[in-house]
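First the proteins, then the strands, lettered A, B, ... as listed; each starts at 1.
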Amino acid sequence: MNATDSKERSESDLVAARRAKLKRWTEELGIDPWGSRVDDLTPLADARSMFLESAADAMDAEEPPNEDPRPRATVAGRVIQHRAMGKLTFMVLRDDSGDLQVSCSKADLETASFKLASKVDYGDIVVASGPVGRTKRGEICVWADQFEVHCKSLAPPPEKFHGLTDAEQRYRRRYVDMYTNPETMETFRRRSQIVSEIRRFMERHGYVEVETPMMQPVAGGAAARPFGTHHNALDIDLFLRIAPELYLKRLLVGGMRKVFEVNRNFRNEGVSRQHNPEFTMMEAYQAFGDCETVIELAESLIRELAGGVLPYGDLEIDYTQAFDRISYGDLFERTHGCNMSDESAVRTVAAKKHVEDAATRNHWLLVEALFDEAEDRIDPTRPTWVTDFPAAISPLTRPRSDAPDIAWRAELFIAGMEIGNFYTELNDPDIQRARFTEQLDGINDEEAAFRSLDSDFLDALCVGMPPAGGFGIGIDRIVMLLTNHTSIRDVILFPLLRPEGGEQ
RNA sequence: GAUCGCGUAGCUCAGUCGGUAGAGCAACCGCCUUUUAAGCGGUAGGUCCUGGGUUCGAGCCCCAGCGUGAUCACCA
């Protein structure tokens, strides 16, 4: 709070200067610095492409034509560079299409407009009209014959060359990051495209997009800590969903054949370079499909999105070939030198690796704990399917009929990240009930506060869910891979940060 | 949650051995019709994250706290 005081005090000179300028404009020039509607605006990139070399040449000739042949445009943007040179002022505007110089000659503008143009600040939003031409140095620009300020920026701007570089400031003041760092704008534009392409892909394959509850009385579908909340009028506790799975499956029961949902999940876990408490996931289910059906679908989706070999940090990831495959058990054995089904061998390895409660903990939970090390053996440059997960750690997955300890489940790994899970869905209500009950047995009090049996879901399975394949993929992580960002915070517009100021 | 790093002007950063605060950009003033991160010249701008401690003296050393980044853990 002291920090805030001092910030306000030391900023005051810069803010005061801008406020004083604002006052002068309104009082002396009679200008409304907060702007108004402008029709027929041309995006800056489009205005640039309107440039006609022949027209510019004609204007530079000994005897320029009477009629100005240069195309005209009205452009708007935020001032990101400004150079006032006496009777000539140059500025560079930026909008979401790009940058373009606006050149202002005192001879072409009304006195008040020229004065305004020569005095605008970095960060102001302006509108200029005029022919698209070029300067003596060959820079394509709009030669303004009309110039207006449409929004005064009062905040002190960041340094104009480096922009905001401090990661914290970039996340906290994303709106500044966006206009000063074009890469940021590009990343989020790309994210939008990717999500849109995913939707089109799914629709093309006959999937219907749905929206299921984000506030759920029972938070199921994944093993994660949920956020809790409360509905006052009904006086009930609710959880923010950790997965949409159990609702999407209800839709299969209801008769939808192919459904998907792209939306947020919320998990009350730690934050890291790969984890934000709210993250976007796509889940999809296909009646009469299985694990293989959705593996094939997702592989072609990801290959289509990536379209080739993409850099990721220090890696080059090849999406063009069929993704690698290895079974969970093989990877385990390759890493730890024992069969994962061999309980005593697993306990021995676990004890040697100092896994907690190696002697008493459930055998398959030990296998899961040891598997982390195995994940590191996967070639990060090769998208890889890890198949045949242990049934014991896959409570919503159908066990294999030929090997009941193994589930029809695969997980996709790329660049060392878990990208998604793929299943042949469990639709036997009795086995499902048993799995849920097993899971609830022996949980501690803390977990008991948010884990409970979703009996309505079991009722739905009793009504009958067709056999199905289903999957979920992390959209943020896909965007990270496709835009070459190794921190999830760079692909989420407003990642969760602690509020500034401490104390509270 | 653990370990390590970082926090100095609005922004980007220097700051030597502990000797009392520096630059560039931005701001302000003046000049200027061809600049393109930076036209030229001048002026001003600081709770060195916060609180303690050591010391004649702390931006610098020590302790605690806050924020943040990286790695690990939990998870996707």
Side-chain angles (χ1 to χ4, degrees), chain A residues 1-18 20-21 80-92 99-108 114 118-119 121-123 133-141 143 154-173 176 180 221-225 242-243 265-283 356 368-369 372 411-413 417-421 472-478 480 486-489 495 497-504:
Chain A
M1 110 199 172
N2 278 337
T4 313
D5 280 359
S6 75
K7 199 175 177 186
E8 277 166 16
R9 211 176 310 149
S10 48
E11 268 179 4
S12 67
D13 282 358
L14 294 163
V15 175
R18 285 176 176 242
K21 192 176 280 186
I80 59 159
Q81 289 170 31
H82 184 255
R83 296 174 288 276
M85 313 279 300
K87 297 191 180 87
L88 204 54
T89 287
F90 302 101
M91 67 185 80
V92 177
D99 298 349
L100 184 65
Q101 178 167 303
V102 168
S103 306
C104 301
S105 165
K106 194 174 185 188
D108 296 339
F114 183 74
S118 61
K119 292 290 184 190
D121 290 315
Y122 184 32
R134 71 177 171 221
T135 65
K136 283 182 186 166
R137 299 293 179 88
E139 181 74 25
I140 295 174
C141 65
W143 278 105
L154 295 174
E159 206 258 2
K160 67 179 175 185
F161 183 54
H162 300 91
L164 276 189
T165 58
D166 180 69
E168 179 183 356
Q169 289 304 311
R170 293 205 301 111
Y171 302 143
R172 286 195 196 280
R173 308 186 71 212
V176 177
T180 55
R225 241 181 217 81
I242 54 176
N265 291 334
F266 307 86
R267 297 191 181 175
N268 208 339
E269 313 273 355
V271 299
S272 79
R273 235 167 33 134
Q274 288 166 19
H275 302 264
N276 195 61
E278 55 177 310
F279 64 101
T280 302
M281 209 160 100
M282 176 172 79
E283 281 201 15
E356 246 178 283
E368 190 180 23
D372 275 355
E411 207 166 298
L412 177 61
F413 288 83
M417 288 193 289
E418 292 174 61
I419 300 303
N421 267 294
I473 50 175
I475 300 298
D476 309 281
R477 289 182 178 177
I478 302 256
M480 287 167 70
T486 53
S487 171
I488 199 168
R489 292 180 166 189
L497 300 179
R498 270 206 174 77
E500 253 174 325
E503 318 285 317
Q504 287 287 359

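Nucleotide B:C13 holds its C1' atom 15 Å from the CD atom of A:Gln169, rounded to whole Å.
Of the candidate nucleotides B:U12, B:U34, B:G67, B:U34 has the atom lying nearest to any side-chain atom of A:Trp143. Comparing B:U12, B:C74, B:U68 by their nearest atom to the side chain of A:Thr165 picks out B:U12. Closest to the A:Gln81 side chain, of the nucleotides B:U68, B:U36, B:A76, is B:U36. The side chain of A:Glu168 lies closest to B:G67 when the candidates are B:U12, B:G67, B:A38.
If you check B:G46 for Watson-Crick or wobble pairing at under 3.5 angstrom, you find it has no partner at all. The partner of B:C6 is B:G67, by the rule that a Watson-Crick or G-U pair needs both atom distances under 3.5 Å. Across all strands shown, B:G24 is found opposite B:C11 as a Watson-Crick or G-U wobble partner, with both distances under 3.5 Å. Pair assignment for B:G1 gives B:C72, based on Watson-Crick or G-U wobble hydrogen-bonding distances that are each under 3.5 Å. Nucleotide B:G18 forms a pair with no other nucleotide shown, judged by Watson-Crick or G-U wobble geometry with both contacts under 3.5 Å. Shown here, B:U36 forms no base pair; nothing in the strands shown gives a Watson-Crick or G-U wobble contact with both key distances under 3.5 Å. Nucleotide B:C60 forms a pair with no other nucleotide shown, judged by Watson-Crick or G-U wobble geometry with both contacts under 3.5 Å.
Nucleotides B:U47 and B:G22, compared at atom P, are 15 Å apart to the nearest Å. Rounded to whole Å, the separation between the P atoms of B:G7 and B:U12 comes to 13 Å. Straight-line distance between the C1' atoms of B:U16 and B:U33: roughly 48 Å, to the nearest whole Å.
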5' to 3', nucleotides 21-29 of chain B under a 4.0 Å protein heavy-atom cut-off (B base, S sugar-phosphate only, - none) gives ---BBBSS-
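Mapping A:Glu139 and A:Gly474 onto RNA chain B by nearest heavy atom places A:Glu139 at the nucleotide closer to the 5' end.
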